[in-house]
Asks: 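First, the structure itself, so that you have it in front of you.
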Amino acid sequence: MNQKFLQPYQFSEESDIYKEWEDSGYFNPDNLSKGRIKKYCIVMPPPNANGRLHSGHGTDFTLKDILIRFYRMKGYQTLLIPGSDHAGFETQGQYEKELKKQGRSRFGMDDKDLYKEIFDFVMSHKHIMEEDIKKLGISCDWSRNKFTLDKDVVSTTCDTFIKMYNEGFIYRGKRCIHWNPKFQTSLSDIETKFKDEKGKFYYFKYGPFVIGTARPETKFSDKYIIVHPDDKRYKKYKNKQKFSVEWINGPIEATLIKDEVANMEMGSGAMTITPWHSQVDFDLACKYDLPIEQIIDWNGKLLPIAGEFEGLNISAAREKIVEKLKKKGLLVKIDENYEHAVRVCDRTNVVVEPQVKSQWFVKMDNLSKSSLDALDEGRYKILTKTHEKIFRHWMNNPIDWNISRQIVWGIQIPAWFKDKGLDTEEIKVGKDCPGDGFIQDTDTFDTWFSSGHWPLVTLGYPNSSDMEFYPTQVMETGADLIFKWVPRMIIFGLYLKKEVPFKDIYLHGMTQDAKGVKMSKSKGNGLSPVDLVDEFGTDATRMSFVVATPPGMNTILTKDKVRAYKKFTNKVWNITRFILENIKDIELKEDKIYQEKDIKILKNLNTEISFVTEHIEKYRMDLAAERLYHYVWHDVADKILEDTKEIFKTGTKEEIQSRKQTLYVILTTSLKLLHPFMPFITETIWKDLPEGFMKDEKLIIISKWPNYDKNK
RNA sequence: GGGCGAUUAGCUCAGUUGGCUAGAGCGCUUCGUUUACACCGAAGAUGUCGGGGGUUCAAGUCCCUCAUCGCCCACCA
């Protein structure tokens, strides 16, 4: 027996094993093709190439790797594709922080210089993140590593844009969009969220009406009053009736409009509209063809239309305007405890300002519908019902998708404007400059527009032979991506390839800390998977990611849990030591006759094999792992090995021989069953296993998954 | 405002088509170092499975209801 078994398991040698696997070439399906007919492919969600892995990635990648290792052992031609995402807005935001530390700012910088700097920044981080993935033992094919800014990805993304534009799925429109004034870019709906806020709600006298508002600073050009047609309080006034109204900066003429959008329950039931700075008001203005004026500039300051308030920022202006209206006797009352939700940027928490801007939009209605149709036809499955509901809700209520971003870190939109700039009538779409006087759109694509192509571009769409792996088997990703990333991949897959890019959608929950709070960078409560690996070893860390992580459920990660699985790796190690010590003197032959007691043990092992196999096939890796833990520790170690000691003392020669043979079968089989979950220790042990009928390959990664007989 | 999820041992959580004498890890008590392992073993304590009602031969598991916590969605000015 190798001397190494006399010492506790040293997980520090894991990186050598990973190297050995890489050198073997078995991560690459091209080296697996012999006799492997069925294909099994998973595309890894590309982590943002701007930092290290977090525990969410840990769960994510571990689950996928378990599936890949399992199916590789089952004889499939397996492919797990790694990659990383440029994560446009997020990365640029992060780099801007770096700039700030250096006392610099992106404003005033040349776009090309900025892009270059961010590119270098990302490249230096990308490598670190890739090392982290290796540390987790993920058996992905690095020869197919992709980045969302690789030339072919950029090219394919642009081609899709051009195709969609030509076929009417993309249009340019002047719409009310979400504007982040601090980062100077527009955002899509899914990049914003609501934050509850306690504020003030003001009631002002407006001619014969009382109007309510939470935002007095936008009200300068409000010249239309909206009431509900059925509102009895305003029955005496006619639709389109005009009023002379004393307002913030003097008298104005206001017009009444009766429309059902007005809510009779809300305040006085009368409201004025500010089309440039409100989605609802904008729609209303379009409906009645009303003038649309900008009040607040792109930096969040008031424009000349505000008169004496010009140049003030929103919060400063609000107080002063209310003060002025109060002096004029127009302030009716202030509700001090007004609870409402403000829309903020998902990533930066900056309050977004609705602004009207010309942007590129994807028309979502038909694309959403075909995605739903494919779901109804059973062309793909969402494994958890809850998420299917959420998904259906989103797809049933599609909002046109703003894909223009005013940042440099991304793929520049292949559209060209002539002379008058961005609002010109003359627009050409295409990769090359259409002629003199045209300048390319400076905007870049929303990150999700390119990453929506991920399953396609990682497989080399449109021409690579790798497209044989399309559609992939399963999309396994965080639950929060069900309405962000997942629908976009489905849409592009259906649009470009007429097929959904994956058969199953498996969503895991969020990783939470000991208090059940979602782990996140901003809260600083994350447990880094790499730190856990350094402290407890990869195998223990992987087990802790998997056990008690059922599909769709949030999972809590604590050091205690990881520590418990470190003990388990030690247990596996010592079981091996005991068994190897005792079987070294016997000849291992398949046709050995087993004693009755051992036949029972092997039958029981058969049950374990079937449980583990069937549960992995059902994506219940959590239950499979837990069951293995229990079997190895409490059946093999506590019962079988203890019983073996008895037999060694008092058994007959035949009984001892039979038991030794049985232990060999148990050990090899257990290692195989454990391998997808705990790849390193199992491979380490496998190397020192004596040659015999159960050791079918040099490396356990390509050894055959144990068979079981359902009828036994 | 709408939707979803959670509530099981002191703590953190499993328990998926109803069959449980309700489990795991950590913690706790007692005993044990006999050549796999003290990163151990043996034995044990701790639970009206959030409250109430219902369906069933049988409910932690299904239904209704209430309570608390959490998450997501939402243009209510």
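The figures that follow rest on heavy atoms only: side chains count, while hydrogens, waters and symmetry mates do not. Proteins come first, then strands; the chains are lettered A, B, ... in the order of their sequence lines, and each starts at number 1.
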Asks: Side chain of L623(A) only, heavy atoms from C-beta on: which candidate in G25(B), A74(B), G15(B) is closest?
Replies: G15(B)
Asks: Step through it carefully: locate the ring centre of Y631(A), locate the ring centre of F611(A), and say whether they are under 6.0 Å apart.
Replies: no
Asks: Charged N to carboxylate O under 4.0 angstrom, R215(A) versus E353(A)?
Replies: yes
Asks: When rounded to the nearest Å, what value does the distance between C1' atoms of A59(B) and C49(B) take?
Replies: 11 Å
Asks: Using whole Å, what does the distance between atom P of nucleotide C37(B) and atom NZ of K571(A) come to?
Replies: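 Result: 10 Å.
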Asks: Students often get this wrong, so: under 4.0 angstrom with heavy atoms, is D283(A) touching a base, only sugar-phosphate, or nothing?
Replies: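 Touches nothing.
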Asks: Kindly point out which of G25(B), C72(B), C37(B) is positioned nearest to the side chain of F483(A)?
Replies: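 Nucleotide nearest to F483(A)'s side chain: C72(B).
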Asks: What's R343(A) touching, base or sugar-phosphate or nothing? Going by heavy atoms closer than 4.0 Å.
Replies: sugar-phosphate
Asks: Output yes when at least one side-chain N/O atom of K567(A) is less than 4.0 Å from OP1 or OP2 of C26(B), else no.
Replies: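 For C26(B), OP1/OP2 do have a side-chain N/O of K567(A) under 4.0 Å.
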Asks: Cationic tip of K660(A) within the cone over F648(A)'s six-membered ring, i.e. under 6.0 Å and within 45° of the normal?
Replies: yes
Asks: Any side-chain N or O of K561(A) below 4.0 angstrom from OP1/OP2 of G27(B)?
Replies: no
Asks: Say we look at G15(B) and A42(B): how far apart would their C1' atoms be, to the nearest angstrom?
Replies: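 So the two C1' atoms sit 26 Å from each other.
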Asks: Pair Y224(A), Y288(A) - check ring pair (Phe, Tyr, Trp, His ring centres under 6.0 Å), show working.
Replies: CA-CA 11 Å; Y224(A) 294 88; Y288(A) 294 105; 8.9 Å; no
Asks: Side chain of R577(A), heavy atoms from C-beta onward: which of G25(B), C73(B), A36(B) has the nearest atom to it?
Replies: A36(B)
Asks: Any N or O donor-acceptor pair linking the side chain of E642(A) to the base of A42(B) at under 3.5 Å?
Replies: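 Per atom types, no contact qualifies.
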Asks: Contact class for K645(A) vs. all strands (heavy atom < 4.0 Å): base, sugar-phosphate, or nothing?
Replies: base
Asks: Is a salt bridge present between R392(A) and E388(A), judged by a nitrogen-to-oxygen distance below 4.0 Å?
Replies: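 Between E388(A) and R392(A) there is a salt bridge, with a charged N closer than 4.0 Å to a carboxylate O.
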Asks: Assign E626(A) to base, sugar-phosphate, or nothing according to its heavy-atom contacts below 4.0 angstrom with the strands shown.
Replies: sugar-phosphate
Asks: Measure the distance from CD1 on I579(A) to P on U35(B) and round it to the nearest whole Å.
Replies: 19 Å
Asks: Distance check, P atoms only: U7(B) and C63(B), in whole angstrom units.
Replies: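 That atom pair is separated by 14 Å.
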Asks: If I take atom CZ in residue R563(A) and atom P in nucleotide C11(B), what distance separates them, rounded to the nearest angstrom?
Replies: 20 Å
Asks: If you assign T192(A) and A214(A) each to the RNA chain B nucleotide with the nearest heavy atom, which residue ends up on the more 5' nucleotide?
Replies: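 Nearer the 5' end of the strand: T192(A).
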Asks: Taking the minimum atom-to-atom distance to the side chain of V280(A), which one of C40(B), C75(B), A36(B) wins?
Replies: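 Nearest to the side chain of V280(A) among the choices is C75(B).
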Asks: Determine the contact category for G537(A): base if any of its heavy atoms lies under 4.0 Å from a base atom, sugar-phosphate if only primed atoms, P, OP1 or OP2 are that close, otherwise nothing.
Replies: nothing
